[in-house]
Enquirer: 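I'd like to ask you about the structure that follows.
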Amino acid sequence: MYNHRTLKLITDIDHLPPALAASISPEERAYIEGIAARGGLPFAVTPHFASLAGPEKDDPIRRQFMPDPQEAQGDPFALEDPLGEACHRVAPRLIHQYQNRALLKTTALCGGFCRFCFRRVWVAEEAPFISAAELEPVQDYLKVHPEIREILLSGGDPLRASDERLEWLFQELRAARPGLQTAGPRLPKADSALSLRICTRLPITAPDRITPELIGLLSRFSPLRAAVHINHSRELSPESRRALSAIAEAGIPVLVQTVLLKGINDDAETLLTLFRECRNLGLIPYYLFQLDLAPGTAHFRLPLKQGLALYRKLQILGTEPENNSSSVPLLPGNLVPAYAVDLPGGGGKIRLSKKSIAGETVLPAGRAYLLKDKDGKLWPYPVD
Ligand SMILES: *Cc1c(COP(=O)(O)O)cnc(C)c1O
(Lines give C-alpha, C1' and ligand atoms only; values in the text may rest on other atoms or scores of the structure.)
Protein backbone atom coordinates (compact mmCIF):
# COMPACT_ATOMS: atom_id res chain seq x y z
CA MET A 1 0.00 0.00 0.00
CA TYR A 2 1.36 3.40 -0.93
CA ASN A 3 2.40 5.83 1.80
CA HIS A 4 4.73 8.82 1.92
CA ARG A 5 7.73 6.61 2.69
CA THR A 6 7.15 4.39 -0.35
CA LEU A 7 8.66 6.91 -2.71
CA LYS A 8 12.42 6.99 -2.26
CA LEU A 9 14.02 10.16 -3.50
CA ILE A 10 17.66 10.33 -4.49
CA THR A 11 19.11 13.07 -2.27
CA ASP A 12 22.80 12.21 -2.70
CA ILE A 13 24.35 12.86 -6.12
CA ASP A 14 26.53 9.76 -5.73
CA HIS A 15 23.37 7.65 -5.74
CA LEU A 16 22.36 8.86 -9.20
CA PRO A 17 22.62 6.44 -12.14
CA PRO A 18 26.38 5.97 -12.82
CA ALA A 19 26.51 7.91 -16.10
CA LEU A 20 24.77 10.85 -14.49
CA ALA A 21 26.87 10.76 -11.33
CA ALA A 22 29.97 10.69 -13.53
CA SER A 23 28.75 13.75 -15.44
CA ILE A 24 28.85 16.02 -12.38
CA SER A 25 31.60 18.59 -12.72
CA PRO A 26 33.80 19.70 -9.80
CA GLU A 27 32.03 23.10 -9.84
CA GLU A 28 28.61 21.44 -9.65
CA ARG A 29 29.77 19.16 -6.85
CA ALA A 30 31.18 22.05 -4.84
CA TYR A 31 27.98 24.02 -5.32
CA ILE A 32 25.75 21.07 -4.36
CA GLU A 33 27.81 20.34 -1.24
CA GLY A 34 27.33 23.94 -0.12
CA ILE A 35 23.52 24.10 -0.56
CA ALA A 36 22.63 23.04 2.98
CA ALA A 37 25.02 25.56 4.55
CA ARG A 38 23.49 28.34 2.45
CA GLY A 39 19.94 27.21 3.24
CA GLY A 40 19.19 26.74 -0.47
CA LEU A 41 16.75 24.39 -2.18
CA PRO A 42 18.06 20.85 -1.51
CA PHE A 43 18.83 18.34 -4.24
CA ALA A 44 16.21 15.61 -4.64
CA VAL A 45 14.95 13.63 -7.63
CA THR A 46 13.04 10.39 -8.09
CA PRO A 47 14.91 7.43 -9.57
CA HIS A 48 12.41 7.45 -12.44
CA PHE A 49 12.92 11.10 -13.39
CA ALA A 50 16.71 10.75 -13.04
CA SER A 51 16.58 7.73 -15.39
CA LEU A 52 15.20 9.99 -18.14
CA ALA A 53 18.13 12.43 -17.99
CA GLY A 54 21.13 12.47 -20.27
CA PRO A 55 24.62 13.31 -18.99
CA GLU A 56 25.04 16.51 -21.02
CA LYS A 57 24.92 19.76 -19.06
CA ASP A 58 22.18 21.18 -21.29
CA ASP A 59 20.00 18.06 -21.25
CA PRO A 60 16.41 19.28 -20.77
CA ILE A 61 15.67 16.75 -18.01
CA ARG A 62 19.01 17.02 -16.21
CA ARG A 63 18.75 20.79 -15.97
CA GLN A 64 15.38 20.59 -14.24
CA PHE A 65 16.72 18.79 -11.17
CA MET A 66 20.52 19.17 -11.14
CA PRO A 67 21.59 22.12 -8.95
CA ASP A 68 23.47 24.68 -11.03
CA PRO A 69 26.09 27.11 -9.68
CA GLN A 70 24.18 29.84 -11.57
CA GLU A 71 21.54 29.60 -8.82
CA ALA A 72 23.93 31.51 -6.57
CA GLN A 73 23.90 34.56 -8.86
CA GLY A 74 21.92 37.36 -7.36
CA ASP A 75 18.68 38.48 -9.05
CA PRO A 76 17.58 41.94 -7.90
CA PHE A 77 14.01 41.12 -8.99
CA ALA A 78 13.77 37.92 -6.94
CA LEU A 79 11.00 37.62 -4.35
CA GLU A 80 10.85 35.15 -1.45
CA ASP A 81 7.07 34.91 -2.02
CA PRO A 82 6.90 35.42 -5.80
CA LEU A 83 3.11 34.98 -6.06
CA GLY A 84 2.40 37.15 -3.03
CA GLU A 85 0.54 34.26 -1.43
CA ALA A 86 0.81 35.93 1.97
CA CYS A 87 -1.58 38.68 0.74
CA HIS A 88 -4.31 36.15 -0.02
CA ARG A 89 -3.82 33.66 2.82
CA VAL A 90 -7.10 33.20 4.71
CA ALA A 91 -6.04 30.23 6.88
CA PRO A 92 -2.53 28.86 7.49
CA ARG A 93 -2.60 26.61 4.39
CA LEU A 94 -5.41 28.17 2.38
CA ILE A 95 -5.02 30.84 -0.29
CA HIS A 96 -8.16 32.51 -1.59
CA GLN A 97 -7.24 34.85 -4.41
CA TYR A 98 -9.96 34.31 -7.02
CA GLN A 99 -13.62 34.54 -6.16
CA ASN A 100 -14.79 31.02 -6.91
CA ARG A 101 -11.69 28.92 -6.30
CA ALA A 102 -9.09 28.55 -3.56
CA LEU A 103 -5.80 26.71 -3.16
CA LEU A 104 -4.82 24.43 -0.28
CA LYS A 105 -1.22 23.51 0.46
CA THR A 106 -1.73 19.91 1.56
CA THR A 107 1.90 18.96 2.12
CA ALA A 108 5.44 20.26 1.76
CA LEU A 109 6.61 16.88 0.41
CA CYS A 110 7.17 16.71 -3.32
CA GLY A 111 8.35 14.30 -5.99
CA GLY A 112 11.78 15.96 -6.14
CA PHE A 113 12.81 19.59 -6.25
CA CYS A 114 12.61 21.40 -9.58
CA ARG A 115 15.40 23.97 -9.69
CA PHE A 116 12.91 26.65 -10.83
CA CYS A 117 10.38 25.90 -8.06
CA PHE A 118 8.46 28.99 -6.91
CA ARG A 119 7.50 27.31 -3.62
CA ARG A 120 11.14 26.65 -2.79
CA VAL A 121 10.68 28.17 0.67
CA TRP A 122 7.73 25.87 1.40
CA VAL A 123 8.81 22.44 0.10
CA ALA A 124 10.73 20.11 2.41
CA GLU A 125 12.30 16.66 2.48
CA GLU A 126 10.39 15.63 5.60
CA ALA A 127 6.98 17.07 6.44
CA PRO A 128 3.63 15.81 7.66
CA PHE A 129 0.45 15.85 5.60
CA ILE A 130 -2.14 18.44 6.60
CA SER A 131 -3.58 17.49 10.00
CA ALA A 132 -7.15 17.54 11.28
CA ALA A 133 -6.29 20.56 13.41
CA GLU A 134 -4.92 22.39 10.37
CA LEU A 135 -7.90 21.44 8.27
CA GLU A 136 -10.42 22.78 10.75
CA PRO A 137 -9.96 26.49 9.94
CA VAL A 138 -10.09 25.56 6.23
CA GLN A 139 -13.45 23.84 6.72
CA ASP A 140 -14.73 26.78 8.75
CA TYR A 141 -13.73 29.13 5.95
CA LEU A 142 -15.36 26.98 3.25
CA LYS A 143 -18.59 26.89 5.26
CA VAL A 144 -18.96 30.64 5.21
CA HIS A 145 -17.68 31.12 1.64
CA PRO A 146 -20.13 29.25 -0.55
CA GLU A 147 -18.84 31.22 -3.54
CA ILE A 148 -15.81 28.87 -3.55
CA ARG A 149 -16.74 26.20 -6.11
CA GLU A 150 -13.37 24.52 -6.57
CA ILE A 151 -10.46 23.77 -4.31
CA LEU A 152 -6.99 23.19 -5.74
CA LEU A 153 -5.04 20.64 -3.74
CA SER A 154 -1.46 21.66 -4.11
CA GLY A 155 1.77 21.29 -2.16
CA GLY A 156 4.44 20.11 -2.60
CA ASP A 157 2.62 17.24 -4.23
CA PRO A 158 -0.63 15.99 -2.70
CA LEU A 159 -0.11 12.54 -4.23
CA ARG A 160 2.83 11.99 -1.88
CA ALA A 161 0.12 11.17 0.68
CA SER A 162 -1.36 7.68 0.98
CA ASP A 163 -4.74 6.85 -0.54
CA GLU A 164 -6.16 6.73 3.01
CA ARG A 165 -4.99 10.26 3.82
CA LEU A 166 -6.28 11.56 0.50
CA GLU A 167 -9.65 9.92 0.99
CA TRP A 168 -9.90 11.48 4.46
CA LEU A 169 -9.03 14.92 3.04
CA PHE A 170 -11.52 14.68 0.16
CA GLN A 171 -14.26 13.59 2.55
CA GLU A 172 -13.51 16.34 5.04
CA LEU A 173 -13.52 19.01 2.33
CA ARG A 174 -16.81 17.82 0.91
CA ALA A 175 -18.24 17.53 4.43
CA ALA A 176 -17.48 21.21 5.00
CA ARG A 177 -20.38 21.96 2.67
CA PRO A 178 -23.53 20.99 4.54
CA GLY A 179 -26.14 19.32 2.42
CA LEU A 180 -23.64 18.10 -0.09
CA GLN A 181 -23.13 14.47 -0.72
CA THR A 182 -19.69 13.05 0.05
CA ALA A 183 -18.13 9.97 -1.52
CA GLY A 184 -20.59 7.37 -2.55
CA PRO A 185 -21.93 5.48 -5.47
CA ARG A 186 -24.08 8.42 -6.55
CA LEU A 187 -22.25 11.40 -7.96
CA PRO A 188 -22.72 14.67 -6.12
CA LYS A 189 -24.86 17.19 -7.94
CA ALA A 190 -22.60 18.97 -10.37
CA ASP A 191 -24.00 22.37 -9.53
CA SER A 192 -23.55 22.09 -5.79
CA ALA A 193 -20.49 19.97 -5.11
CA LEU A 194 -17.16 21.49 -4.22
CA SER A 195 -14.98 20.55 -7.16
CA LEU A 196 -11.47 19.20 -6.46
CA ARG A 197 -8.36 19.84 -8.56
CA ILE A 198 -5.30 17.69 -7.79
CA CYS A 199 -2.13 19.61 -8.74
CA THR A 200 0.62 17.05 -9.20
CA ARG A 201 3.77 16.08 -11.04
CA LEU A 202 3.96 12.48 -9.79
CA PRO A 203 2.53 10.98 -13.01
CA ILE A 204 5.79 12.28 -14.53
CA THR A 205 8.29 11.89 -11.69
CA ALA A 206 6.88 8.70 -10.12
CA PRO A 207 4.35 7.09 -12.47
CA ASP A 208 4.17 4.01 -10.16
CA ARG A 209 2.13 6.18 -7.81
CA ILE A 210 -0.77 6.11 -10.27
CA THR A 211 -2.16 2.77 -9.15
CA PRO A 212 -5.59 1.38 -10.11
CA GLU A 213 -6.59 1.97 -6.45
CA LEU A 214 -5.65 5.66 -6.67
CA ILE A 215 -7.53 6.08 -9.94
CA GLY A 216 -10.55 4.39 -8.35
CA LEU A 217 -10.36 6.80 -5.42
CA LEU A 218 -10.14 9.86 -7.68
CA SER A 219 -13.07 8.59 -9.75
CA ARG A 220 -15.26 8.22 -6.66
CA PHE A 221 -14.81 11.91 -5.83
CA SER A 222 -16.13 13.42 -9.04
CA PRO A 223 -16.29 16.34 -9.80
CA LEU A 224 -12.52 16.13 -9.67
CA ARG A 225 -9.80 16.90 -12.17
CA ALA A 226 -6.04 16.63 -12.25
CA ALA A 227 -3.57 19.34 -13.22
CA VAL A 228 -0.22 17.82 -14.16
CA HIS A 229 3.04 19.74 -14.55
CA ILE A 230 4.85 18.65 -17.74
CA ASN A 231 7.57 20.67 -19.46
CA HIS A 232 9.04 18.50 -22.21
CA SER A 233 7.96 15.53 -24.33
CA ARG A 234 11.03 13.64 -23.03
CA GLU A 235 9.20 13.50 -19.68
CA LEU A 236 6.52 11.34 -21.32
CA SER A 237 8.15 7.97 -20.64
CA PRO A 238 6.18 4.81 -21.50
CA GLU A 239 5.32 4.49 -17.78
CA SER A 240 4.12 8.09 -17.57
CA ARG A 241 2.10 7.76 -20.76
CA ARG A 242 0.37 4.70 -19.31
CA ALA A 243 -0.33 6.50 -16.03
CA LEU A 244 -1.67 9.65 -17.69
CA SER A 245 -3.88 7.90 -20.19
CA ALA A 246 -5.23 5.64 -17.43
CA ILE A 247 -6.33 8.74 -15.51
CA ALA A 248 -7.89 10.30 -18.60
CA GLU A 249 -9.57 7.04 -19.61
CA ALA A 250 -11.18 6.86 -16.16
CA GLY A 251 -13.03 10.02 -17.13
CA ILE A 252 -10.92 12.33 -14.98
CA PRO A 253 -10.09 15.51 -16.93
CA VAL A 254 -6.31 16.05 -17.00
CA LEU A 255 -5.07 19.60 -17.48
CA VAL A 256 -1.42 20.17 -18.39
CA GLN A 257 0.60 23.07 -17.00
CA THR A 258 3.94 23.85 -18.59
CA VAL A 259 6.58 26.27 -17.35
CA LEU A 260 8.43 28.13 -20.10
CA LEU A 261 12.11 27.46 -19.38
CA LYS A 262 15.04 29.05 -21.21
CA GLY A 263 17.16 26.46 -22.98
CA ILE A 264 14.76 23.63 -22.06
CA ASN A 265 11.52 24.16 -23.96
CA ASP A 266 11.78 27.69 -25.38
CA ASP A 267 11.25 26.80 -29.02
CA ALA A 268 8.08 26.19 -31.00
CA GLU A 269 8.95 22.69 -32.13
CA THR A 270 9.66 21.41 -28.61
CA LEU A 271 6.46 22.90 -27.21
CA LEU A 272 4.23 21.82 -30.07
CA THR A 273 5.60 18.28 -29.83
CA LEU A 274 4.76 18.30 -26.13
CA PHE A 275 1.25 19.71 -26.63
CA ARG A 276 0.51 17.31 -29.50
CA GLU A 277 1.65 14.29 -27.52
CA CYS A 278 -0.39 15.42 -24.54
CA ARG A 279 -3.45 15.77 -26.73
CA ASN A 280 -2.87 12.32 -28.18
CA LEU A 281 -2.92 10.94 -24.63
CA GLY A 282 -6.28 12.60 -23.98
CA LEU A 283 -4.83 15.45 -21.87
CA ILE A 284 -5.71 19.14 -22.17
CA PRO A 285 -2.87 21.69 -22.57
CA TYR A 286 -4.03 24.39 -20.15
CA TYR A 287 -1.36 26.92 -19.16
CA LEU A 288 2.07 27.87 -20.45
CA PHE A 289 3.59 29.88 -17.62
CA GLN A 290 6.07 32.69 -17.87
CA LEU A 291 8.57 32.09 -15.05
CA ASP A 292 7.86 33.39 -11.55
CA LEU A 293 10.51 35.51 -9.88
CA ALA A 294 11.77 32.97 -7.32
CA PRO A 295 15.32 33.46 -6.03
CA GLY A 296 18.04 31.55 -7.90
CA THR A 297 15.96 30.97 -11.05
CA ALA A 298 16.86 33.92 -13.32
CA HIS A 299 18.91 31.66 -15.63
CA PHE A 300 15.66 29.84 -16.52
CA ARG A 301 13.80 33.04 -17.39
CA LEU A 302 13.06 33.67 -21.06
CA PRO A 303 12.73 37.44 -21.57
CA LEU A 304 9.05 38.34 -21.85
CA LYS A 305 9.36 39.82 -25.36
CA GLN A 306 10.89 36.55 -26.58
CA GLY A 307 8.13 34.64 -24.83
CA LEU A 308 5.49 36.70 -26.61
CA ALA A 309 7.18 36.18 -30.00
CA LEU A 310 7.39 32.44 -29.37
CA TYR A 311 3.74 32.35 -28.34
CA ARG A 312 2.72 34.13 -31.54
CA LYS A 313 4.53 31.45 -33.51
CA LEU A 314 2.84 28.70 -31.49
CA GLN A 315 -0.55 30.16 -32.21
CA ILE A 316 0.10 30.18 -35.93
CA LEU A 317 1.63 26.71 -36.07
CA GLY A 318 -0.48 25.13 -33.34
CA THR A 319 -3.90 25.51 -34.84
CA GLU A 320 -4.16 22.26 -36.68
CA PRO A 321 -7.06 21.49 -38.93
CA GLU A 322 -8.11 17.92 -38.16
CA ASN A 323 -7.22 15.34 -40.79
CA ASN A 324 -9.54 16.34 -43.51
CA SER A 325 -8.76 17.56 -46.93
CA SER A 326 -11.95 19.56 -47.43
CA SER A 327 -11.57 23.31 -47.60
CA VAL A 328 -13.74 23.79 -44.51
CA PRO A 329 -11.66 22.90 -41.47
CA LEU A 330 -13.94 20.92 -39.17
CA LEU A 331 -13.14 21.21 -35.46
CA PRO A 332 -9.78 22.92 -35.72
CA GLY A 333 -7.81 21.40 -32.88
CA ASN A 334 -6.13 24.22 -31.08
CA LEU A 335 -3.20 22.65 -29.29
CA VAL A 336 -1.95 25.78 -27.67
CA PRO A 337 -2.60 26.51 -23.98
CA ALA A 338 -3.02 30.00 -22.52
CA TYR A 339 0.26 31.90 -22.02
CA ALA A 340 0.02 33.36 -18.54
CA VAL A 341 2.01 34.88 -15.72
CA ASP A 342 1.31 35.24 -12.04
CA LEU A 343 1.89 38.94 -11.53
CA PRO A 344 4.82 39.18 -9.09
CA GLY A 345 3.82 40.12 -5.57
CA GLY A 346 0.18 39.01 -5.60
CA GLY A 347 -1.47 40.49 -8.70
CA GLY A 348 -2.83 37.14 -9.79
CA LYS A 349 -2.73 35.28 -13.09
CA ILE A 350 -3.16 37.16 -16.33
CA ARG A 351 -3.09 35.95 -19.88
CA LEU A 352 -0.15 37.47 -21.71
CA SER A 353 -0.29 39.28 -25.00
CA LYS A 354 1.39 42.36 -26.41
CA LYS A 355 -1.52 44.31 -24.94
CA SER A 356 -0.57 43.22 -21.42
CA ILE A 357 2.44 45.55 -21.56
CA ALA A 358 1.22 49.02 -20.63
CA GLY A 359 4.66 50.62 -20.41
CA GLU A 360 8.21 50.35 -19.21
CA THR A 361 9.96 51.76 -16.19
CA VAL A 362 13.33 51.75 -14.47
CA LEU A 363 13.29 50.40 -10.92
CA PRO A 364 16.19 50.08 -8.47
CA ALA A 365 16.27 46.37 -9.52
CA GLY A 366 16.53 47.26 -13.23
CA ARG A 367 14.35 47.80 -16.29
CA ALA A 368 10.80 46.47 -15.96
CA TYR A 369 7.65 46.27 -18.03
CA LEU A 370 4.45 47.41 -16.44
CA LEU A 371 1.88 44.65 -16.87
CA LYS A 372 -1.79 45.45 -16.63
CA ASP A 373 -4.07 43.26 -14.50
CA LYS A 374 -7.80 42.82 -15.09
CA ASP A 375 -8.59 45.98 -13.15
CA GLY A 376 -6.04 48.06 -15.02
CA LYS A 377 -3.60 48.10 -12.10
CA LEU A 378 0.07 47.98 -13.14
CA TRP A 379 2.63 45.42 -11.92
CA PRO A 380 6.35 45.39 -12.81
CA TYR A 381 7.99 42.35 -14.47
CA PRO A 382 11.67 42.41 -15.52
CA VAL A 383 12.50 43.19 -19.16
CA ASP A 384 15.36 40.63 -19.19
C1 LIG B 1 -3.66 29.35 -10.26
C2 LIG B 1 -4.46 29.52 -9.06
C3 LIG B 1 -5.80 29.14 -9.04
C4 LIG B 1 -6.50 28.51 -10.23
O5 LIG B 1 -6.58 29.36 -11.32
P6 LIG B 1 -7.14 28.78 -12.71
O7 LIG B 1 -7.05 29.94 -13.62
O8 LIG B 1 -8.52 28.29 -12.44
O9 LIG B 1 -6.25 27.65 -13.09
C10 LIG B 1 -6.51 29.35 -7.88
N11 LIG B 1 -5.94 29.90 -6.80
C12 LIG B 1 -4.65 30.28 -6.78
C13 LIG B 1 -4.09 30.91 -5.55
C14 LIG B 1 -3.86 30.09 -7.92
O15 LIG B 1 -2.56 30.45 -7.90
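Both ligands and their constituent atoms are indexed starting at 1 by order of listing.
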Enquirer: So does E167 get a backbone contact from the side chain of R220, meaning a donor-acceptor N/O pair under 3.5 Å?
Expert: no
Enquirer: Flag the pair F113 / E125 as yes when at least one side-chain heavy-atom distance between them is below 4.5 Å, and no otherwise.
Expert: yes
Enquirer: Please classify the R197 to ligand 1 contact at 4.0 Å (heavy-atom distances, strictly less than): side chain, backbone, both or neither.
Expert: side chain
Enquirer: Quick one: nearest non-hydrogen protein atom to atom 7 (O) of ligand 1, plus distance?
Expert: Y287 OH, 2.6 Å
Enquirer: Less than 3.5 Å between some nitrogen or oxygen of R101 and one of ligand 1, yes or no?
Expert: yes
Enquirer: Any Lys/Arg nitrogen of K105 or E134 sitting under 4.0 Å from an Asp/Glu carboxylate oxygen of the other?
Expert: no
Enquirer: What atoms of ligand 1 come closer than 4.0 angstrom to any heavy atom of I95?
Expert: 13 (C)
Enquirer: With side chains defined as the heavy atoms from C-beta onward, is the minimum distance between R279 and P285 less than 4.5 Å?
Expert: yes
Enquirer: State whether the side chain of E71 and the backbone N or O of P67 hold a donor-acceptor pair below 3.5 Å, judged by distance alone.
Expert: no
Enquirer: Would Y286 count as a polar contact of ligand 1, with the cut-off being nitrogen or oxygen pairs under 3.5 Å?
Expert: yes
Enquirer: With atoms numbered from 1 as shown, which atoms in ligand 1 lie under 4.0 angstrom from a non-hydrogen atom of Y98?
Expert: 2 (C), 3 (C), 10 (C), 11 (N), 12 (C), 14 (C)
Enquirer: List every atom of ligand 1 that sits less than 4.0 Å from any heavy atom of K349, numbering the atoms from 1 in the order shown and giving each element.
Expert: 1 (C), 2 (C), 3 (C), 4 (C), 5 (O), 14 (C), 15 (O)
Enquirer: Using a 4.0 Å heavy-atom threshold (strictly under), name the region of H96 that reaches ligand 1: side chain, backbone, both or neither.
Expert: neither
Enquirer: So F118 and E85, do their side chains get closer than 4.5 Å, heavy atoms only?
Expert: yes
Enquirer: Suppose I only count heavy atoms of Q97 and a 4.0 Å limit; which atoms of ligand 1 are within that range?
Expert: 13 (C)
Enquirer: Should the proximity of L83 to ligand 1, defined as any heavy atom under 4.0 Å, be assigned to the side chain, the backbone, both, or neither?
Expert: neither
Enquirer: On a heavy-atom basis, which atom in S154 and which in T106 lie closest, and how many Å separate them?
Expert: O-OG1, 2.7 Å
